[in-house]
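Just so it is clear, the model here is predicted, and its values are computed rather than measured. So that the names make sense, note that chain A is the first sequence line, chain B the second, and so on, each numbered from 1.
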Amino acid sequence: MRNRLQLAALSLAAASLAVGVAACGSSSKSSTSSSSVTAKIPLKPGENPSSEKLTGGKKGGTLTAFTSIDFAHLDPGESYYTLDYEVVMSTQRPLLTFAPNSSGKIVPDLATAVPTTSNGGITDGGKTVTVHIQKGVRFSPPVNREVTSADVAYAIERAANPNVANPYFSTYLGSASFTPVVGAAKANGGPIAGITTPDKWTIVFHMTKPGAATLVPALTLPISSPLPKEFVAPLDKHSPTTFGTTFLVGTGPYMVKADKTGKIAGIGYQVGKSLTLVRNPNWSASTYTSAYRPPAYLNQINVAIGGDPTVEGLQVLKGSHDVQIDGTPRSDLKLAYDSYPSQLTDTVGTGDFYAALDTAHGVFKNVNLRRALWAATNRQADVTTAGGPLAGLPMTHFIYPGNLGFAQAGGIAGPPFDFNKNVHGNMKVACKYMKLAGFPNCKYTGNQTVQIVGASETPFPEWTQIIDTAATSLGFHTHVTEPSQSVMYTKYCGTPKQEIDICPAVGWIRDFPDPLSILVAPFYGPSIVSTNNSNWPQANIPAVNAAMRKAALVVNPTARAQAWATVDKMLVSQAVAVPEVFSNQPLVQSKNVAGVNDQWNQGLWDFAYTSLK
Amino acid sequence: MITYIIRRVLWGIAMLFLVSLLTFLIFYVFPSADPAILRAGRNASPANIAYIRHELGLDKPIYIQFFRYIKAIVLHFNFGYSFYSGASVLSLIKDRLPATLSLTAGAVVLWVLAGVPVGIISAIKRRTVLDRAAMGGALFFVSMPVYWLGLVVLFLFASDIGKFGIFPGANTYVGLTVNPGKWFTSLILPWFTLAATQAAIYSRLLRGSLIETMGEDYVRTARAKGLPERRVIWRHGVRSAITPVITVLGLDIGALLGGAVLTEIVFGIPGIGRLNFSAIQSTDIPIVQGTTLLAAMFIVVFNIIVDISYAYLDPRVRYS
């Protein structure tokens, strides 16, 4: 589960967005009545990543890419951020992956097939998942040997090592999971009883409850990429591990340029300066059974790290460089939309942003005050300040477009609560809930000051102002603090004892297209922790918690979608946060590039499918 | 003189100690965010955070933490490791310093070569068209923020995105030892951008100082003695008037070696400033501390150099 930390250069925050583009759009007016997302985005021909060609690209050449922010982790055991996935998914082979320009179609990667009940991959009523892996897959130099299922088991087990501290392990496999793998709750890096390898090509996961519906999509995470214990274990003795920072090996079509010992530091990766991907000489396309066998057209990818994204966006549009991978500033997006439409792509449904309300302390313990604030907030203004239709749509509930349960929860219009209906804000409805909260004049007359902590990066100050305006219009006295995004999370909004009433710039990106990975961490009561907390509203509503536990065990996709949609509606009913934006990810490429976007990964470029013209 | 230098160096060391204490207090005692949480990463469990806290020694008393911090710097010149990449801060600084040195050195040469003559001519030709044009130009450049000027220069002259593509633009920097020719051409626009504003400031500063100096009694005496005007200006005027300029120059060089943040970002130069900027963005405390100390060290060192140079430049200044 990924929150938005360090994504300032991605999606909304990152790109500073396309403010101004809204004015160019043919349909800048937003409607919440349609169930079609794409129909509301003023895309021109070529801008929709779904139509990109996956085959027939030109082989060879070097792609030059820009990112204004550095990668956080190249180790598949540690990687967490969208930008890291750009490299990790090119250098590693998890058991499963996604079709590149789909938002959530799961296909086999290292595995021979996606486990299902019909192919015998899911048995024991959903408590056991069996995965067979490809033969002939070899690690990159200097390891060179063939991959076995024990390498997959080791990679997953090391994730619980405190020196690796994988951000997903406990959520999907360990103590925080609704359906933990047997023995994983107390894992610390050693063997896990519930993960067995009956032969060199088979790995079996035994869960305490029927959790196949969660585990199978979780096998798309980098954590399931095999790693050679003999190479990695010595590096994991450092705190933190030096695998991924100093040394790296993998199984993907590309590898970070390294010396003969596998060292990347100062060679293929210079912190804050550059990263060079070259072909993995041990990779073979024949080790895929999937129809989605990556063509790996490019010979090399040179990523320049740092610099001014505005200048870099222009360099890409004019053709001196090929792609920007961490978002494009609004001025360049406007230029691209006006003058280079074939070089602009816009991926829909890349996450959401909302203003978390502290449901455990202060004034917003009162559900009607929360509903009043929701009703009073102009969510269309959030979208406009973010960049208009290219940047997203007004958010109306918590499962965002492209995910299971989105349509069942109401689609774009969202659940039909009166406080949710008008995205421009409705003071009459707000007044109704102020009265229900005990304020007959529709104005808050208590003596508590509402603490608002928003991030200082664009466009968050504008969003802070929007929610502040709504709060003050209801009579609240507010105090606004605007630290950097990382400080906002770590010091304020992620620390429950700070009792921040409104965190207006938090958001969520799924790990896979299942609502569990969108709703549990931010809204499940038992997930609240004293530090690094991601349940920013501190929502701990027994009925919601119970509904989540129940939904997590539903295996049938239709029933599962309905179950999570019910959870979503309950969260809306409780107004645990004021929704802001269903976000999109616009990016630019040079005219020399046939780019393919990973729609499942925020629409960033897929190096294994992108080619030069 | 030797005593003076020793005294200044000792004061410099004391100053650096104070700066290290302040940066330590700012980042660890009054933290903007818990360093253990930052180091542990997102979604880290409380147990992992506690483990990291122990590993970093953050569970020890503050004075022990500071002692360890200073000991690592003094004995091993170890500034710690990046929270995110795990890279040694010292290695990062060493890696970035050449780019910042290149940028600073070229820009300083440019702005001194431009700013000093313009300042002298303006002072000597006071209230003439030449003076007014020079000071008008100086005001023009002083008024332009470096970031904005950098973008304008790129949009006009960069070979890839400029209207009149003449010079290599952003993200073209290569090291001096890699390719001297490309190194030089890649820095022409950044040098000009950084020097333009500074040259304007220096010319105005020197003009004011020289006008005041030229009105001094000893200058009148020099003229009365029949010395040639050129000699009066250079030996009696400029030599004295330039001391405040030298003071500012020393501070500016010191500060720029700590990172010309905006110029490095606009032109994509991987220097200390950009390192610091990205570290601030991600709250990578060890890097921010390291670059802050480095900047302080450069300022202290150049201050000492400036103080010493006074003795040679201004005959009125004597040290004992």
Side-chain angles (χ1 to χ4, degrees), chain A residues 1-3 5-6 8 66 68-73 78 80-81 162-163 165 167-168 170-171 175-176 238-242 245-246 265-266 270-274 304-308 310-312 314-315 317-321 457 483-484 486-487 489-491 494-495 521 529-532 534, chain B residues 31-52 54-56 81-87 91-92 95-96 99 147 150-151 154-155 158-162 169-172 262 264-270 274-275 277-284 287:
Chain A
M1 300 182 182
R2 293 179 276 167
N3 65 28
L5 182 60
Q6 212 202 345
F66 284 126
S68 61
I69 56 173
D70 201 355
F71 302 94
H73 301 105
E78 295 179 284
Y80 177 78
Y81 298 113
N163 291 340
Y168 304 111
S170 69
T171 308
S175 55
H238 296 91
S239 176
T241 179
T242 53
T245 53
T246 310
Q270 294 182 297
V271 176
K273 284 172 75 175
S274 65
I305 303 167
D308 182 345
T310 307
V311 173
E312 292 171 349
L314 202 54
Q315 288 181 300
L317 287 173
K318 299 266 185 177
S320 68
H321 291 72
E457 291 87 347
S484 69
S486 64
V487 173
Y489 276 120
T490 52
K491 183 174 181 179
T495 305
V529 288
S530 59
T531 54
N532 235 4
S534 293
Chain B
S32 54
D34 186 338
I37 295 175
L38 291 170
R39 177 67 171 262
R42 297 307 304 163
N43 269 10
S45 66
N48 274 346
I49 293 168
Y51 174 80
I52 296 286
H54 177 72
E55 287 288 307
L56 292 176
Y81 299 88
S82 161
F83 280 164
Y84 297 99
S85 67
S91 72
L92 290 173
D95 184 48
R96 303 301 187 90
Y147 181 81
L151 289 176
L154 282 172
F155 295 153
S159 55
D160 53 357
I161 60 172
N171 301 295
T172 56
L262 296 177
E264 289 179 11
I265 289 171
V266 173
F267 290 95
I269 298 169
R274 215 178 75 179
L275 176 70
F277 177 73
S278 60
I280 289 169
Q281 278 185 311
S282 56
T283 327
D284 201 341
I287 294 180

_Contact between A/Asp308 and B/Leu151 at the side-chain level, heavy atoms closer than 4.5 Å - yes or no?_
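When only atoms from C-beta onward are counted, B/Leu151 and A/Asp308 do touch, with a gap below 4.5 Å.
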Region of [X] that comes under 4.5 Å of a non-hydrogen atom in chain A:
{"X": "B/Tyr81", "result": "neither"}
{"X": "B/Ala87", "result": "side chain"}
{"X": "B/Tyr147", "result": "side chain"}

*Report the residues that fulfil side-chain hydrogen bond (donor to acceptor under 3.5 Å, both in side chains) with A/Ser274, sequence neighbours left out, ordered by chain and then residue number.*
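A/Ser274 satisfies side-chain hydrogen bond (donor to acceptor under 3.5 Å, both in side chains) with A/Gln270 once adjacent residues are dropped.
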*Could you give the distance from CD1 (B/Ile265) to OG1 (A/Thr310), rounded to the nearest 0.5 Å?*
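Reported to 0.5 Å precision, the distance equals 11.0 Å.
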Which heavy atom of [X] sits nearest to which heavy atom of [Y], and what is that distance?
{"X": "B/Val266", "Y": "A/Val311", "answer": "O-CG2, 4.0 Å"}
{"X": "B/Arg274", "Y": "A/Lys273", "answer": "NH2-CA, 4.0 Å"}
{"X": "B/Asn171", "Y": "A/Gln315", "answer": "ND2-OE1, 2.9 Å"}

*A/Ala176: what forms a side chain to side chain contact (heavy atoms under 4.5 Å, CB included) with it, not counting sequence neighbours?*
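Checked A/Ala176 against side chain to side chain contact (heavy atoms under 4.5 Å, CB included); matches are A/Ser170.
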*Top contributor to chain B interface from A/Thr495, A/Thr246, A/Ile305, A/Leu317 [non-hydrogen pairs under 4.5 Å]*: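 Looking at each option in turn, the highest pair count goes to A/Ile305.
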*Return the option, out of A/Ala304, A/Ser484, A/Pro240, with the maximum number of heavy-atom pairs under 4.5 Å with chain B.*
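So the answer, after comparing A/Ala304, A/Ser484, A/Pro240, is A/Pro240.
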*Could you tell me which portion of A/Ser239 (side chain, backbone, both or neither) has an atom closer than 4.5 angstrom to a non-hydrogen atom of chain B?*
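Its backbone and side chain both get close to chain B.
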*chain B heavy atoms under 4.5 Å from A/Pro483: which part of the residue, side chain, backbone, both or neither?*
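Neither part.
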